[in-house]
Amino acid sequence: MALKPLEIYKLLPKKNCKECGDPTCLTFAMKLAGGKAKPEACPYLDENAKTILGASTRPPVRKIRIGVGERAVTIGEELVQFRHEKSFFHEPGIFMAVTDLMTPGAIQERVIFVRDEILTRVGTDLRLNGIAVRSVNGSPTAFTKAVEAVEAVADLPEVLMAGDPAVMEAGLSVCGNYRPLLHAATSSQYWEMCRLAKKYACPLAIRADSLDALAELSGLCSAEGIENLVLDLSSLSLSEQLNRSTAVRQHAVSRKTPALGHPVCIDTAVSGLPDAALIAGVTKFGSVLICDDLSSASRKALLVLRQNIYTDPQKPIQITPGLYRVGSPGKDAPVLLTVNFSLTFFTLQGYLEASRVPCFMLIVDTEGLSVLTAVASGKLQETLVRDAIAKYNLSAEVAHKRLIIPGYAAPLSGRIEDATGWKVLVGPRDAADISEFLEKEWKG
Amino acid sequence: MGVSTLSEWTGRIGELVIGATAKDGGTRSHSVTIGGEEDLPYIGIPPSGHRPLVAYELSDDPELWPAAATRFIGDRVHDTAEWVAHADREYQPDLIRLYLSSTRERNFSDISRIGETVESVLQATELPLIIEGSNDPAIDSAVFQKIGEAAEGERILLGTAEAGHYRSVAAAAMAYGHSVIAQSPIDINLAKQLNILLRETGLSPDRIAIDPYTGALGYGFEYSYSVMERIRYSALKGDSDLAMPMISSAIDSLVVKEVREADEGDACPTAVAWEIYAMLPATIAGASIVCVRHPLSIEPLKTAIAALWNGEPKGGM
Ligand code: B12
Ligand code: SF4
């Protein structure tokens with residue numbers, strides 16, 4: 001755990017000289033504890049205090065970047081064991097693997113897929129992140145060719161997977177400037193891998209048989225000057241994968257074993273159950289997930305699961321309340337009421353676009369609650385609708401006074417009519433039926 | 001050094017038994033036990049407690065069931081017992097969960113048919129059963145009474161109790177020796193409250209399974225996942241009002257947009273993926289029973305759970 005204010009206070013010089021910008025050492029200590037100040041702001045810290053405070057204000061899981069440019073992925077910097085304690089911050093990067101036994105054509109097909117395929121959900125583009133290149137052939141030339149094939153079609157982040165430092169160096173000669181993750185150092189060759197990681201300024205994955213050995217190896221690599229480490233926890237056994245990733249996060253956030261305060265990497269092909277390994281990796285602390293080919297169904301479900309697990313559980317994804325247009329609605333176009341929960345908005349919008357009826361969407365502020373949830377909790381009220389009609393000047397936009405409300409808001413229809421003076425039409429419950437409804441009830 | 005998981009818990013999840021064999025006065029081939037954990041899900045080698053189980057859900061009214069699920073079963077859907085027998089034989093779930101959805105038809109009154117359906121299902125399978133009754137105060141009492149009676153001695157799990165109506169379910173469970181599913185809408189405090197209400201009816205805690213309500217993947221699952229984690233965490237920290245095993249069913253999985261609108265060839269794998277990618281995480285968050293409606297979800301889920309469990313399959317026997 002991070003240090004408490006009083007524990008920090010004991011380490012401070014207690015001069016109350018205000019040079020840190022705070023009135024007293026104690027208030028400075030409180031800020032440090034809350035992560036709102038940096039230890040360097042006090043010029044009088046002794047070495048011991050610097051080391052302790054530096055460690056305790058650093059995130060318990062180190063932040064690391066893989067790749068360069070727009071598609072670079074940031075991982076780590078996590079603070080908690082459970083997402084409900086705060087949130088998880090950096091989604092795991094998902095890397096699809098190619099091998100140096102594949103033809104350049106087959107490699108490029110997969111790379112282009114990762115480069116271009118997008119799943120758009122609730123206004124966000126979900127995509128796989130990068131490419132892992134496996135050395136299977138064993139020869140440096142084959143590896144170089146495979147990496148060249150990848151580089152020829154995309155600037156995606158890469159994981160170079162070669163246990164032989166000579167092969168690794170061959171790959172780095174092609175893409176070393178683009179910060180690939182080197183996978184992986186072991187106790188038998190770590191100093192050579194560290195040398196490469198240092199030469200090319202790349203993050204380095206490390207692998208060992210037990211967590212004790214992994215912590216030791218982490219220390220050895222740090223001693224070689226490599227701090228950007230990723231812990232490989234791939235295992236034949238999913239049970240072991242889950243137990244180890246849980247232990248690593250527990251030891252990291254409790255700061256019991258700082259050598260394990262690094263993001264986790266999992267090669268999900270190892271267990272022979274890739275979907276299950278990916279699921280365990282997304283939910284339980286994986287930061288780099290490597291997979292072989294993925295079916296379209298698995299890819300979509302995986303991306304949505306990752307989006308679910310990495311949204312802040314305290315704050316639903318919201319959109320700004322207001323009046324939105326679908327197509328170019330005229331004065332007689334229908335107005336549809338809904339809430340500002342992103343999922344609701346984008347679902348309805350999708351069906352409205354498909355219906356090809358130009359219209360207005362009146363979005364009221366339910367603080368991100370869905371229709372049914374907002375109705376059940378009493379957050380969706382007639383006054384909210386009345387105020388929104390006035391605020392967004394609806395009377396100036398349309399020449400009628402008819403408002404379509406969601407089917408689930410039917411219990412409110414009378415009260416909305418009374419409060420607004422608008423005629424309320426209760427729409428279908430399911431937005432998928434909106435096209436038919438507009439055809440029949442609005443035009444007809 | 002000895003780096004391993006840090007397990008400083010004081011609480012323990014209670015055990016719940018479903019199904020009774022001849023020895024216990026029932027007709028099931030075996031009974032199953034869930035719960036009993038003293039740590040986070042799957043943690044420990046082998047883990048504590050019992051392995052999570054997979055229940056297959058079906059309905060006595062196929063009209064109300066997602067086409068993605070019934071398409072696979074063919075004409076058998078019109079004969080509930082045949083559907084059950086087929087599923088038991090072909091897909092080998094750990095449990096069958098029967099929804100008596102016909103009770104949700106307007107002005108339903110054919111209570112005796114409920115009894116017949118339950119009896120025929122008990123004949124059709126020897127697996128332990130979960131049975132879902134009505135959702136209407138006007139008929140609840142008669143319906144749950146009938147189910148309870150028809151399954152007397154079989155130690156079924158009976159659903160569903162909610163804060164608004166729980167007395168009829170609890171009464172039937174107590175009268176005929178069954179257990180109860182206690183459902184609350186994705187809220188740890190409401191889950192706890194309902195358990196307290198049920199306790200006050202006289203139902204003992206080892207006859208309650210918590211259903212924290214599960215939104216489908218992409219449609220509320222993020223909330224359900226964390227509520228399950230919080231319930232499990234509170235129980236391990238010592239809150240005995242939450243120390244019951246959980247059941248999770250992402251009932252809307254087969255009707256979400258992604259599944260409905262999948263391309264012809266992708267429809268079936270998408271349906272299966274949508275169930276697995278919610279239900280396996282549910283077990284990781286703490287669910288002891290996960291439920292699916294697509295028959296092809298059963299086998300991969302069981303395999304994945306066994307791999308995560310890695311111990312002797314203690315659940316089941
Ligand atoms: C996730 C969820 C939550 C999340 C909130 C998520 C959010 N941002 O709203 C949390 C956990 C916070 C939550 C809380 C509660 N929830 Co809740 N929750 C759900 C859940 C699982 C999914 C909701 C969802 O995301 N739906 C998807 C969106 C897209 O649906 P939607 O907004 O309704 O939009 C659809 C339609 O309405 C339509 N539509 C939308 N706009 C328009 C406009 C027009 C014009 C038309 C025609 C159609 C249309 O199109 C959409 C797609 O078809 C539902 C169960 C379910 N299956 O719905 C329960 C559910 C809605 N919750 C419920 C309840 C009771 C609650 C609480 C009151 C419980 C409590 N704790 O006290 C609270 C209230 C919140 C509060 N702050 O007090 C109940 C409601 C019961 C009822 N029938 O009234 C439900 C049904 C669960 C249940 N079965 O018990 N909930
Ligand atoms: S600068 Fe250092 S010594 Fe001075 S008040 Fe701030 S914390 Fe105390």
Side-chain angles (χ1 to χ4, degrees), chain A residues 82-84 119 121-122 210-212 214-216 237-244 246-248 250-251 254 256-257 259-260 271-273 275-280 282-284 295-302 304-305 307-313 316 343 347 350-351 370 373 376 430-432, chain B residues 1-7 40-47 185-186 188 215 217-227 229-230 233 255 257-263 265-278 280-281 284-285 300-301 303-311:
Chain A
F82 298 100
R83 64 191 279 279
H84 62 77
L119 174 66
R121 272 196 93 254
V122 292
S210 70
L211 290 184
D212 294 273
L214 199 60
E216 194 187 315
S237 152
L238 282 183
S239 155
E240 191 172 81
Q241 174 191 320
L242 187 63
N243 272 273
R244 286 188 177 172
T246 302
V248 162
Q250 286 174 334
H251 282 261
S254 67
K256 247 194 153 105
T257 312
L260 295 177
S271 68
L273 292 170
D275 286 288
L278 284 163
I279 289 168
V282 167
T283 49
K284 290 297 166 189
S295 74
S296 143
S298 290
R299 180 181 60 88
K300 286 185 198 148
L302 172 64
V304 175
L305 178 66
Q307 185 185 38
N308 272 185
I309 298 296
Y310 280 79
T311 42
D312 183 343
L343 180 61
T347 307
Y351 286 113
S370 75
T373 320
D430 191 335
Chain B
M1 226 189 315
V3 174
S4 66
T5 49
L6 306 175
S7 303
L40 295 169
Y42 299 115
I43 295 306
I45 297 181
I186 329 183
I188 186 171
L217 187 63
Y219 297 85
F221 184 69
E222 67 270 49
Y223 301 97
S224 301
Y225 178 86
S226 279
V227 162
E229 283 204 323
R230 290 181 64 193
Y233 179 85
V255 296
K257 196 162 171 244
E258 286 78 357
V259 173
R260 276 192 308 202
E261 292 174 5
D263 299 336
D266 234 10
C268 175
T270 306
V272 171
W274 233 260
E275 288 197 321
I276 293 179
Y277 273 79
L280 193 61
I284 291 173
L301 253 183
T303 305
I305 289 171
L308 281 166
W309 187 266
N310 200 33

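Note: hydrogens, waters and symmetry copies are ignored here, and every other heavy atom, side chains too, is used. Throughout, a chain's letter reflects where its sequence line sits, starting with A, and its residues are numbered from 1.
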field: Closest non-hydrogen atom pair, Leu238(A) against Ala304(B)
entry: CD1-O, 4.5 Å
message: Show the nearest heavy-atom pair for residues Leu242(A) and Pro41(B), with the distance to one decimal.
response: CD2-O, 4.2 Å
task: Starting at OH of Tyr277(B), measure out to CG of Leu302(A) and round the result to the nearest 0.5 Å.
output: 5.0 Å
field: Engaged part of Asp312(A) at the chain B interface, taking heavy atoms whose separation is under 4.5 Å
entry: neither
task: Report the option among Asp275(A), Val122(A), Thr347(A), Thr373(A) that has the most heavy-atom pairs separated by less than 4.5 Å from atoms of chain B.
output: Asp275(A)
Value rounded to 0.5 Å, distance of CH2 in Trp309(B) from OG in Ser237(A): 13.0 Å
field: Gap between atom CG of Asp212(A) and atom OG of Ser4(B) - 0.5 Å precision
entry: 8.5 Å
Which atom of Ala273(B) lies closest to which atom of Ala297(A), heavy atoms considered: CB-O, 3.8 Å
- prompt: Going through the checks in order, is the side-chain contact (heavy atoms from CB on, under 4.5 Å) test met by Leu40(B) and Phe82(A)?
  reply: CA-CA 11 Å; Leu40(B) 295 169; Phe82(A) 298 100; 3.9 Å; yes
- prompt: Where the side chain of Asn243(A) meets the backbone of Tyr42(B), is there a donor-acceptor pair that is under 3.5 Å apart?
  reply: yes
- prompt: Is the side chain of Arg230(B) donor-acceptor paired with the backbone N or O of His84(A) at a distance under 3.5 Å, no angle test?
  reply: no
field: Proximal component of Phe221(B), with respect to chain A [non-hydrogen, under 4.5 Å]
entry: both
Under 4.5 Å from any heavy atom of chain A - which part of Tyr233(B): side chain
field: Glu261(B), part contacting chain A, at a heavy-atom distance under 4.5 Å
entry: side chain
query: Relative to chain B, which segment of Leu273(A) carries a heavy atom at a distance below 4.5 Å: side chain, backbone, both, or neither?
result: side chain
task: For each of Gln307(A), Arg121(A), Lys300(A), tally heavy-atom pairs with chain B at distances under 4.5 Å, and name the one with the top tally.
output: Arg121(A)
- request: Could you tell me which portion of Pro300(B) (side chain, backbone, both or neither) has an atom closer than 4.5 angstrom to a non-hydrogen atom of chain A?
  value: neither
- request: Measure the spacing between CD1 of Ile279(A) and CG of Leu308(B) and express it to the nearest 0.5 Å.
  value: 9.0 Å
message: Among residues at least two apart in sequence or on other chains, which ones pass side chain to side chain donor-acceptor pair (under 3.5 Å) with Gln250(A)?
response: none
message: To the nearest 0.5 Å, what is the distance between CG on Leu305(A) and CG on Leu217(B)?
response: 6.0 Å
Sequence-distant partners of Tyr351(A), ring-ring contact (aromatic ring centres under 6.0 Å, His included), two or more places apart: none
Leu278(A) portion near chain B, given a 4.5 angstrom heavy-atom threshold: side chain
Side-chain heavy atoms of Ser370(A) within contact of Tyr219(B), under 4.5 Å: no
query: With a 4.5 angstrom heavy-atom cut-off, which part of Thr283(A) approaches chain B: side chain, backbone, both or neither?
result: both
message: If we define contacts as heavy-atom pairs under 4.5 Å, which of Gly44(B), Pro269(B), Gly218(B) has the most with chain A?
response: Gly218(B)
message: Between Thr303(B) and chain A, with a heavy-atom cut-off of 4.5 Å, which part of the residue counts as in contact: side chain, backbone, both or neither?
response: both
- request: Find the distance between CG (Leu119(A)) and CD (Glu258(B)) and round it off to the nearest 0.5 Å.
  value: 7.0 Å
- request: Check each atom of Ala432(A) against the heavy atoms of chain B and say whether the ones under 4.5 Å are side chain, backbone, both or neither.
  value: side chain
- request: Search all heavy atoms of Asn308(A) against all heavy atoms of Glu222(B) and return the closest pair with its distance.
  value: O-CB, 3.2 Å
Atom group of Arg83(A) that falls short of 4.5 Å from chain B, counting heavy atoms: both
field: Portion of Ile305(B) that has a non-hydrogen atom of chain A nearer than 4.5 angstrom
entry: neither
